[in-house]
Undergrad: 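Sharing a structure below in structure tokens format, with a few things to ask.
As a basis for the values below, the full set of heavy atoms in this structure was taken, side chains included, without hydrogen atoms, waters or symmetry mates. Just so it is clear: chains get the letters A, B, ... in the order the sequence lines come, proteins before strands, and each one is counted from 1.
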Amino acid sequence: MEGDVPTVSSVLTELVAEAAERAGHGGVLDEVEPARPASDPRFGDYQSNHAFRLGRALRTNPRAVAEAVRAALAEHPGVASVEVAGPGFLNFRLDDGWIGARLGEMVRDPALFVEQSGAGRTVVIDYSSPNVAKRMHVGHMRSTIIGNTLDRLYRATGWRVVADNHVGDWGTQYGKLIVAWRRWLDREAFEADPLGELERLYVRFGREAEADPALLDEARAETAKLQAGDPENRALWERFRAVSLEEFEAVYERLHVRFDETLGESAYHDELAGTVQALLDLGVAEESEGAVVVKFPADEVEGRRFKGLADTVLVIRKKDGAFLYGTTDLATLEYRRRTWAPDEVVYVTDVRQQLHFKQVFAAWRRWARARGLDPDRPSLVHTWFGMLVLPEGSMSSRKGNVVRLVDLLDEAVRRARAVVDEKSPHLSEAERARIAEAVGVGAVRYADLSQNPQSNVTFDWDRMLALDGNTAPYLLYTHARCRSLLARAAGEGAEVGEAVRIGEPLERELALRLLRFPEAVSLALAHGRPNLLCDQLYETANVFNRFYYEVPVLRAGDAATVASRLALVEAAATVMRRGLELLGIEVLDRM
RNA sequence: GCCCCCGUAGCUCAGUUGGAUAGAGCAACGGCCUUCUAAGCCGUGGGUCCCAGGUUCGAGUCCUGGCGGGGGCGCCA
């Protein structure tokens, strides 16, 4: 729709922008501070703090600026009143009729008014990326879940998304594994639990090699044979890879994660030598101490984004001629550029790789310039998240304290099942199993998503698997309550209204909260922080449950009120459903 | 040594990038089911936002210096 400004925030922001211009402050700032929900209901529904910005720029009293902007505000059907408060806040109170109508329009919009900021644009998202020949553990969870949710948020805002699982399927560990396989394979164990056996072989190799260093030479030789295309080693490697991907896929399916591509490190093996040569030829890289490196002298490092990069070095070819993951990252980026011409490439990894990606991004930009390409396209984003640590410290397969991802999911579902059996014994066995799966897996996803990704998390079973409070089951329950009410309404032949008519304060609060959904989606994506969407859904659920408790729907009395309230309930169900979908949590109609 | 991140209620964490009187969940205590799902709702108690300065109309948020914790830093990923 041409010129349409869908969200409440954008409507009011636009109004303020026009008023500021009319008040003679048009060119003062290039951006208008977005209107936001009021920090306290006493201050109205929404507030604009733009007058402070203007006041600072004009070196005048912000209160006076606010008065001037207020006086210049155009009439708008959505705005019931505007007040200037305190040192220069503009407080808006919205019109009840407009809120109800607006909500009706929002739920009829397939995008729920979510701004389609990515329309016509392509993003490659690189996430999850576990190493082949090992089982996935909880350390892989954050990249997988956060990455997948960003994937969903990008799609919701109109982007074309290429989700790429850049698995670690190449490197020296396969030579070791081949040696170990030939010496110590327990074929029965492999049949029963392929990755378990591969892990055991890998650990055994490490132990044996300590006593007999000659094994390392043997492994190096096998790696070299593999990379030279030796058919026997190649077949073994392919087998390791195949059983791994099969097992990963089972976990992804339970987590509702789906990739468009699984192009691991091995896919770029043949490009690495050429990449290094190109970087040398273009003067992006240089030889140093026998290796090939990209240097970042302090005086060449550009801007705040590259803070901490100064005087560091990225090695892209070792003294012995071998390549490193930085080399692969650059070759991969070049492949992505050629293949999908993305506007943006997002890497979702933990905080430890910050410096690495600053280096890769800076090296890429230099490479792009040297070839006459636009260094800003694709724009490169490293969305990092904090470490997941166990209460007793770091997790390592050597210490044997890893928590496998499937075990976490199984335990979550087991606990959820106990609650379902207790609360809903009347449901069929099959339905209870389905609910337990959705609740358990949803709880795990939500536990991760609902906190700021950049915080470190200490792994805690009880917290991760909590089923009440601010959790996935709470959101699922709220949605199920909505659906239950609507199902009963259908049974009684009650009409669901076209529009919502605001009456009770809780109807108003719920409608306003629902209208914030598209703002929350944009905010979550802009900051790369799914927890902002979680907060919104949690608040929505809380308001709905208070509404549900205090305001009768089916027993409201007159048919018009029943119809209006049912429309509100349906709007709540729609928003909760879409929100849960964006978080990758399977939605339930009953529980 | 240099660089990055963090320090908020007993515990786990939010805090919309500088906005109005700092909020949730858990745990504790008290209340609400003859009415639409009590996996719910309401209430009570709980704070030197690590410390000290600074910037301004306004600082948990920004700058400086400490203290404490985590992570990274040329041939691992």
Undergrad: May I ask which nucleotide in the shown strands pairs with B/A22, Watson-Crick or G-U wobble, both distances under 3.5 Å?
TA: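 Per the H-bond distance test, none.
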Undergrad: Could you tell me whether the phosphate oxygens of B/C41, OP1 or OP2, come under 4.0 Å of any side-chain nitrogen or oxygen in A/Tyr474?
TA: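 For B/C41, OP1 or OP2 has a side-chain N or O of A/Tyr474 closer than 4.0 Å.
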Undergrad: For A/Val292, answer base if it contacts any base atom (sugar-phosphate contacts may also be present), sugar-phosphate if it contacts only those atoms, and nothing otherwise; contact means non-hydrogen atoms under 4.0 Å.
TA: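 Answer is nothing: A/Val292 stays at 4.0 Å or more from every strand.
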Undergrad: Using a 4.0 Å heavy-atom cut-off across all strands, classify A/Leu324 as base, sugar-phosphate, or nothing.
TA: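 If one applies the 4.0 Å heavy-atom cut-off, A/Leu324 turns out to touch the sugar-phosphate alone, with no base involved.
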Undergrad: For A/Asn452, answer base if it contacts any base atom (sugar-phosphate contacts may also be present), sugar-phosphate if it contacts only those atoms, and nothing otherwise; contact means non-hydrogen atoms under 4.0 Å.
TA: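 Touches sugar-phosphate only.
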Undergrad: Output yes when at least one side-chain N/O atom of A/Asn542 is less than 4.0 Å from OP1 or OP2 of B/C41, else no.
TA: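 Answer yes for this pair, as a side-chain N or O of A/Asn542 is under 4.0 Å from OP1 or OP2.
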Undergrad: Say we look at B/G23 and B/U44: how far apart would their P atoms be, to the nearest angstrom?
TA: 13 Å
Undergrad: Under the 3.5 Å rule, do the base of B/A77 and the side chain of A/Glu265 count as making a donor-acceptor pair?
TA: no
Undergrad: For A/Trp384 and B/A77, what is the distance between atoms CH2 and C1' respectively, to the nearest whole Å?
TA: 19 Å
Undergrad: Would you call the rings of A/Tyr347 and A/Phe361 parallel, tilted or perpendicular, where under 30° means parallel and over 60° means perpendicular?
TA: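 If you compare the ring of A/Tyr347 with that of A/Phe361, the planes turn out tilted.
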Undergrad: Check the side chains of A/Ser128 and A/His140 for a donor-acceptor pair under 3.5 angstrom, ignoring hydrogens and angles.
TA: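 Judged by distance alone, the side chains do not pair up.
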Undergrad: Rounded off to whole Å, could you give me the CD-to-C1' distance for the A/Gln47 and B/G58 pair?
TA: 13 Å
Undergrad: Just so I know, are the side chains of A/Leu486 and A/Leu566 near enough to count as touching, which here means a heavy-atom distance under 4.5 Å?
TA: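 The answer is yes; the side chains approach within 4.5 Å.
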Undergrad: Taking B/C6 as the reference, what is the distance to B/A14 when you measure between their P atoms (whole Å, please)?
TA: 11 Å
Undergrad: Do the ring planes of A/His382 and A/Phe357 sit parallel (below 30°), tilted (30 to 60°) or perpendicular (above 60°)?
TA: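 Because their plane-to-plane angle lies in the 30° to 60° range, the rings of A/His382 and A/Phe357 count as tilted.
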Undergrad: Does any donor-acceptor pair link the side chain of A/Asn91 with the base of B/A20 at a separation under 3.5 Å?
TA: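 A donor-acceptor contact between them is present.
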Undergrad: Would you say A/Lys423 places a side-chain N or O within less than 4.0 Å of OP1 or OP2 belonging to B/A39?
TA: yes
Undergrad: Of all the nucleotides listed (B/C4, B/U37, B/A39), which has the minimum atom distance to the side chain of A/Arg481?
TA: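 Minimum distance to the A/Arg481 side chain belongs to B/U37.
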Undergrad: Donor-acceptor pair under 3.5 Å: do we get one between A/Tyr477's side chain and the base of B/A39?
TA: no
Undergrad: Would you tell me if any nitrogen or oxygen in the side chain of A/Arg546 comes within less than 4.0 Å of OP1 or OP2 on B/C42?
TA: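 Yes, A/Arg546 has a side-chain N/O under 4.0 Å of OP1/OP2 on B/C42.
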Undergrad: With sugar-phosphate meaning primed atoms plus P, OP1 and OP2, does A/Ala85 contact a base, only sugar-phosphate, or nothing at under 4.0 Å between heavy atoms?
TA: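 Answer is base: heavy atoms of A/Ala85 come under 4.0 Å of a base.
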Undergrad: Could you state the CD-P distance from A/Gln173 to B/A77, rounded to the nearest angstrom?
TA: 8 Å
Undergrad: Rounding to the closest angstrom, what is the interatomic distance between B/G54 and B/G19 at atom P?
TA: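 Taking atom P in both B/G54 and B/G19, they lie 22 Å apart.
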Undergrad: For B/U17, does either OP1 or OP2 sit under 4.0 Å from a side-chain N or O belonging to A/Arg36?
TA: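 A/Arg36 to B/U17 OP1/OP2: side-chain N or O found under 4.0 Å.
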Undergrad: Please name the nucleotide paired to B/G1 by Watson-Crick or G-U wobble geometry with both distances under 3.5 Å, or report none.
TA: B/C73
Undergrad: B/G66 and B/G74: how far apart are their C1' atoms, nearest whole angstrom?
TA: 34 Å
Undergrad: Closer than 4.0 Å, any side-chain N/O of A/Ser455 to the OP1 or OP2 of B/A14?
TA: yes
Undergrad: What about A/Arg56: does its side chain form a donor-acceptor pair under 3.5 Å with the base of B/G58?
TA: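 Side chain to base: pair found, below 3.5 Å.
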Undergrad: Return the 5'-most residue of the pair A/Asn531, A/Pro473 with respect to RNA chain B, ranking by each residue's nearest nucleotide.
TA: A/Asn531
Undergrad: Closest to the A/Gln353 side chain: B/A77, B/A39, B/C75?
TA: B/A77
Undergrad: Using the C1' atom on both, measure B/U55 against B/C13 and round to a whole Å.
TA: 30 Å
Undergrad: Would you classify A/Ser39 as touching base, sugar-phosphate or nothing, given that sugar-phosphate means primed atoms plus P, OP1 and OP2, and contacts are heavy atoms under 4.0 Å?
TA: base
Undergrad: Does a side-chain N or O from A/Lys318 land closer than 4.0 Å to OP1 or OP2 of B/C76, or not?
TA: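 Yes, such a contact exists.
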Undergrad: Which residue lies toward the 5' end of RNA chain B, A/Asn131 or A/Ser484, if each is placed at its nearest nucleotide?
TA: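 Closer to the 5' end of RNA chain B: A/Ser484.
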Undergrad: Quick one: look up who B/A28 pairs with, Watson-Crick or G-U, both distances under 3.5 Å, and put none if it's unpaired.
TA: B/U44
Undergrad: Write down the partner of B/A9 under the Watson-Crick or G-U wobble criteria, each distance required to be under 3.5 Å.
TA: none
Undergrad: Please report the distance, rounded to the nearest Å, between CG in A/Asn470 and P in B/A14.
TA: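 To the nearest whole Å, that distance equals 12 Å.
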Undergrad: Rounded to whole Å, please give me the gap between CG in A/Asp329 and C1' in B/C76.
TA: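 Result: 13 Å.
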Undergrad: Do the charged groups of A/Glu67 and A/Arg70 touch, with an N to O distance under 4.0 Å?
TA: no
Undergrad: Indicate the ring-plane relationship of A/Tyr174 and A/Phe240, choosing parallel, tilted or perpendicular according to the 30° and 60° boundaries.
TA: parallel
Undergrad: Just the rounded figure in Å: distance from P of B/G71 to CG of A/Asn456.
TA: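 Answer to the nearest Å: 9 Å.
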Undergrad: For the side chain of A/Val420, starting at C-beta, report the closest nucleotide among B/C36, B/C13, B/A39.
TA: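 My answer, after comparing the listed nucleotides, is B/A39.
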Undergrad: For the side chain of A/Tyr538, starting at C-beta, report the closest nucleotide among B/C73, B/C75, B/G25.
TA: B/G25
Undergrad: Please classify the nucleic acid contact of A/Val351 as base, sugar-phosphate, or nothing, using heavy-atom distances under 4.0 Å.
TA: nothing
Undergrad: Is A/Arg488 near enough to B/U37 that one of its side-chain N or O atoms lies under 4.0 angstrom from OP1 or OP2?
TA: yes
Undergrad: Considering Watson-Crick and G-U wobble pairs with both distances under 3.5 Å, what does B/C62 pair with?
TA: B/G54
Undergrad: Is the aromatic ring of A/Phe43 within stacking range of B/A20, meaning centres under 5.5 angstrom and planes under 30 degrees?
TA: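 It does: the two rings, one from A/Phe43 and one from B/A20, meet the stacking criterion.
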Undergrad: Quickly work out the A/Arg590 CZ to B/G40 P distance and round it to whole Å.
TA: 20 Å
Undergrad: On a whole-Å scale, what distance lies between the P atoms belonging to B/A22 and B/C33?
TA: 35 Å
Undergrad: Quick one: label A/Glu289 by what it contacts on the DNA or RNA (base, sugar-phosphate, nothing), any heavy atom closer than 4.0 Å.
TA: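 Contact class for A/Glu289: base.
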Undergrad: With C1' as the reference atom in both, quote the distance from B/C26 to B/U21 in angstrom, rounded to an integer.
TA: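 Between the two C1' atoms, the distance is 26 Å.
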Undergrad: For B/U21, does the O4'-C1'-N9-C4 (purine) or O4'-C1'-N1-C2 (pyrimidine) torsion place it in syn, i.e. within 90° of 0, or in anti?
TA: anti
Undergrad: Under the rule syn = chi within 90° of 0, otherwise anti, which is B/C32?
TA: anti
Undergrad: For the residue pair A/Lys318 and A/Phe323, would you count it as a cation-pi contact if the rule is NZ or CZ under 6.0 angstrom from the ring centre and within 45 degrees of the ring axis?
TA: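 Pair A/Lys318/A/Phe323 does not count as cation-pi.
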Undergrad: Contact class for A/Pro87 (heavy atom, under 4.0 Å): base, sugar-phosphate, or nothing?
TA: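 Base contact - A/Pro87 has a heavy atom under 4.0 Å of at least one base atom.
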Undergrad: May I ask you to decide whether A/Arg53 forms a salt bridge with A/Glu31, counting only side-chain N to carboxylate O separations under 4.0 Å?
TA: no
Undergrad: From CG of A/Leu588 over to P of B/U37, roughly how many Å is that when rounded to an integer?
TA: 16 Å
Undergrad: What integer number of Å spans the P atoms of B/A59 and B/G18?
TA: 13 Å
Undergrad: Check for me whether the distance between the ring centres of A/His166 and A/Tyr127 falls short of 6.0 Å.
TA: no
Undergrad: Identify whether any heavy atom of A/Met387 sits under 4.0 Å from a base atom; if not, whether one sits that close to sugar-phosphate; answer base, sugar-phosphate or nothing.
TA: nothing
Undergrad: Which nucleotide, B/A39, B/C4, B/G74, lies nearest any side-chain atom of A/Val439?
TA: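 Output: B/A39.
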Undergrad: Return yes when atom CD of A/Glu286 has more than 12 non-hydrogen atoms of other residues, nucleotides or ligands closer than 6.0 Å, and no otherwise.
TA: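 Yes, enclosed.
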Undergrad: From B/A77, B/U35, B/C26, pick the nucleotide closest to the side chain of A/Tyr325?
TA: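 Taking heavy atoms from C-beta onward, the closest nucleotide is B/A77.
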Undergrad: Could a donor-acceptor pair under 3.5 angstrom be found where the side chain of A/His527 meets the base of B/U16?
TA: no
